[in-house]
2 protein chains.
Amino acid sequence: MKLQQLRYLVEVENRGLNVSEAAASLFTSQPGISKQIGLLEEELGVKVFERSGKRLTGVTPAGRQVLDQARRVLREAANLLRIGADFAEGSQGQLTIATTHTQARYALPEVVRNFVARHPGVRLHVQQGSPIQVADWLINGTAELGVATEALDQHAELVTLPCYQWSHAVVVPKGHPLLLREALTITSLAEFPLVTYDATFTGRSRIDRAFERHGLTPNVVLTAIDSDVIKTYVELGLGVGIIAEMAYDPMRDAGLAALPARHLFEVNITRLGFRRDLWLRRVEYDFVELLAPQLTRGMVEATIRGGGVDPSL
Amino acid sequence: MKLQQLRYLVEVENRGLNVSEAAASLFTSQPGISKQIGLLEEELGVKVFERSGKRLTGVTPAGRQVLDQARRVLREAANLLRIGADFAEGSQGQLTIATTHTQARYALPEVVRNFVARHPGVRLHVQQGSPIQVADWLINGTAELGVATEALDQHAELVTLPCYQWSHAVVVPKGHPLLLREALTITSLAEFPLVTYDATFTGRSRIDRAFERHGLTPNVVLTAIDSDVIKTYVELGLGVGIIAEMAYDPMRDAGLAALPARHLFEVNITRLGFRRDLWLRRVEYDFVELLAPQLTRGMVEATIRGGGVDPSL
DNA sequence: ATCCTTTACGCCCCGCGTAACCATC
DNA sequence: GATGGTTACGCGGGGCGTAAAGGAT
């Protein structure tokens with residue numbers, strides 16, 4: 001068995017069982033791949049692919065297991081290279097963080113600033129997407145670390161750790177009638193048209209749940225994935241905004257007033273996530289500790305070993 | 001990077017950093033190993049071994065990580081072969097069960113009988129040792145499955161699942177004064193010389209704890225790893241025996257009388273254990289289900305994924 | 001008829017073995 | 001000097017490329 005053979009297997013599946021395409025993407029010849037796959041199947045004593053004549057038409061049950069396992073072997077082998085890169089002096093490498101708009105815009109800048117100051121040689125990528133995309137990128141290896149409030153804890157492949165918690169805030173144009181009320185209630189909120197996040201973003205699930213618990217149907221007139229878009233439309237008078245509290249800046253958002261809404265919605269916990277079987281370099285541990293000082297290297301390692309039972313805030 | 005190179009690395013460490021010995025044990029040449037290790041170190045950009053001149057004198061910090069990771073890669077690669085063997089038709093393979101005397105003698109025979117009837121082609125090995133040995137054998141790959149009451153749950157590498165529970169029983173020669181007492185108490189037991197298991201065997205820890213809780217110091221005059229030895233000496237009148245209840249057979253042990261001791265000692269839970277990262281073949285799942293019917297394939301798989309949090313009895 | 005895989009074949013790299021050399025104890 | 005590791009070098013297997021053949025749609 002050779003690692004090459006496993007790469008061939010996996011790439012053939014990734015390319016929809018098209019050996020020629022796999023060959024092209026690996027910059028090698030198509031017969032070479034066919035040959036090696038044949039040899040591996042012979043060594044294992046099992047056909048990985050179903051064939052009708054000479055076409056590959058599917059994956060056998062055994063092949064399913066073999067392919068999954070092959071990916072695992074390759075991931076562990078890739079970790080070896082990461083270990084090398086981490087310890088090799090001089091080499092700096094790069095680090096990709098997957099995250100959502102809210103985190104990228106309001107929580108991470110300070111972290112990133114500190115990180116690049118400490119690691120001037122590391123090329124840092126911040127890749128922005130939906131929470132689901134963030135989880136996918138972690139799983140398929142596009143990004144090493146993910147920061148998001150939603151979706152990360154839905155995957156057994158990922159370890160997640162609580163970073164910090166935050167609440168929603170209600171934002172309205174200056175002079176809005178809500179500002180005259182004594183106390184902000186969920187019922188009074190439901191009287192107004194609302195502007196808030198898209199379904200899978202930034203604690204939206206908790207917003208919906210709060211209304212649901214009171215038997216209210218909120219009138220959401222606009223959803224965005226982006227606090228700035230929400231604030232813009234609130235300022236235009238389209239409705240009352242519900243955003244993450246850290247997205248309100250009294251200076252910058254001078255046309256708006258914010259009302260704390262901690263008592264209306266469940267607290268949100270923003271989580272750090274990464275593949276359980278990813279070997280973390282020092283840069284990753286460093287970034288994590290800058291992001292959330294309580295997540296020391298020892299803490300994180302204990303959680304990885306401990307089977308994902310994290311010490312929730 | 002080649003799998004061979006990883007094997008070389010690991011074998012050199014296993015042989016105490018002696019390349020020549022490693023070469024001999026792998027049936028290859030010593031210069032070949034030196035060369036390949038050098039190439040790998042170059043590829044990783046990191047020295048794995050410390051050298052004083054030409055001798056290997058130690059493992060660098062990076063090398064420690066590399067070696068651990070190399071073993072992981074090789075284990076996952078070995079799993080691929082297991083998958084092949086499991087699905088390949090005709091091939092039967094072998095299965096090694098590590099266990100203690102008590103289990104091997106009293107609990108497993110029925111299981112083994114059923115197993116060999118169902119899998120006549122599988123070569124079944126039952127390897128007997130101390131609970132600590134059982135755990136070691138599982139960790140180093142000597143055995144696939146382990147069955148023991150002690151020690152297995154001390155290791156993060158192992159998944160353990162409860163199989164069945166049992167209690168201790170007190171055995172005495174016929175006509176012994178204890179038989180005249182109304183109720184068997186821990187205090188009355190402490191009056192007599194005792195014969196029971198060795199420190200790390202068969203629930204001995206719970207026996208000690210029961211006396212300790214009552215502030216008693218039992219007079220243990222003989223310890224054995226083996227219920228039959230204990231019974232033999234009890235029959236000789238050396239003392240009162242405390243053994244696992246299933247080790248008493250009224251027919252075979254006609255010279256002895258047994259007193260239930262369920263109320264004196266904590267219940268014991270015999271556990272199944274195996275390496276978390278071992279891919280289990282159908283034969284292993286079959287054996288497990290014969291051993292403990294509640295441990296279906298689905299249950300076991302859920303526990304592996306679930307991070308070792310087992311649904312204790 | 002076209003696309004794609006397998007078979008055939010030859011080159012060349014590279015892993016391995018032998019032999020010689022060298023360092024440490 | 002004995003043990004053990006590195007360097008040197010040549011052989012042989014095998015991985016990969018090109019070319020041709022053979023199924024499947």
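Numbered from 1 within each chain, the chains take letters A, B, ... in sequence-line order. Note: hydrogens, waters and symmetry copies are ignored here, and every other heavy atom, side chains too, is used.
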Check whether the side chains of [X] and [Y] place a donor and an acceptor atom closer than 3.5 Å, and report yes or no.
X         : Y         : result
Ser205(B) : Glu150(B) : yes
Glu11(A)  : Ser25(A)  : yes
Asn79(B)  : Glu76(B)  : yes

What does [X] touch in the nucleic acid at a heavy-atom separation under 4.0 angstrom: a base, only the sugar-phosphate, or nothing?
X        : answer
Ser29(B) : base
Gln30(B) : base
Gly53(B) : sugar-phosphate
Leu17(A) : sugar-phosphate
Tyr8(A)  : sugar-phosphate
Phe27(B) : sugar-phosphate

Are OP1 or OP2 of [N] and a side-chain N or O of [X] less than 4.0 angstrom apart?
X        : N       : value
Thr28(B) : dG15(C) : no
Ser20(B) : dG5(D)  : yes
Arg51(B) : dT24(C) : no
Ser34(B) : dG5(D)  : no

What is the distance, rounded to the nearest whole Å, between atom [atom1] of [X] and atom [atom2] of [N]?
X        : N       : atom1 : atom2 : answer
Glu50(B) : dG5(D)  : CD    : P     : 15 Å
Gln36(A) : dT6(C)  : CD    : C1'   : 14 Å
Lys2(A)  : dG13(D) : NZ    : P     : 14 Å
Arg15(B) : dT3(D)  : CZ    : C1'   : 17 Å
Phe49(B) : dT6(D)  : CZ    : C1'   : 15 Å
Lys54(A) : dT5(C)  : NZ    : P     : 11 Å
Arg7(B)  : dG15(C) : CZ    : P     : 14 Å
Ile33(A) : dT7(C)  : CD1   : P     : 16 Å

- More than 12 non-hydrogen atoms from neighbouring residues, nucleotides or ligands closer than 6.0 Å to CD1 on Ile132(B), yes or no?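 Open: at most 12 neighbouring heavy atoms sit under 6.0 Å from CD1 of Ile132(B).
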
From [options], pick the nucleotide closest to the side chain of [X]?
X        : options                   : answer
Pro31(A) : dG15(C), dT18(D), dA8(D)  : dT18(D)
Asn18(A) : dC22(C), dC4(C), dG15(D)  : dC4(C)
Leu39(B) : dG15(C), dG23(D), dT18(D) : dG15(C)

- Donor-acceptor pair present, Arg55(B) side chain and dC25(C) base, under 3.5 Å: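 Answer is no: no donor-acceptor pair is held.
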
Could you tabulate the donor-acceptor pairs under 3.5 Å formed by side-chain atoms of residues 31-39 of chain A, not counting sequence neighbours?
unit_1, atom_1, unit_2, atom_2, d
Ser34(A), OG, Gln30(A), NE2, 3.2
Gln36(A), OE1, Gln5(A), NE2, 3.0

- Hey, which sits more toward the 5' end of DNA chain D by its nearest nucleotide, Gln4(A) or Ser52(A)?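 Its nearest nucleotide lies further toward 5', so the answer is Gln4(A).
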
- Message: On DNA chain C, compare the nucleotides closest to Leu56(A) and Lys35(A); which residue's is nearer the 5' end?
- Response: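 Here Leu56(A) is the residue nearer the 5' end.
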
- Output yes when a side-chain donor or acceptor of Arg275(A) lies under 3.5 Å from a complementary backbone atom of Leu158(A), and no otherwise.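 No: the side chain of Arg275(A) does not pair with the backbone of Leu158(A).
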
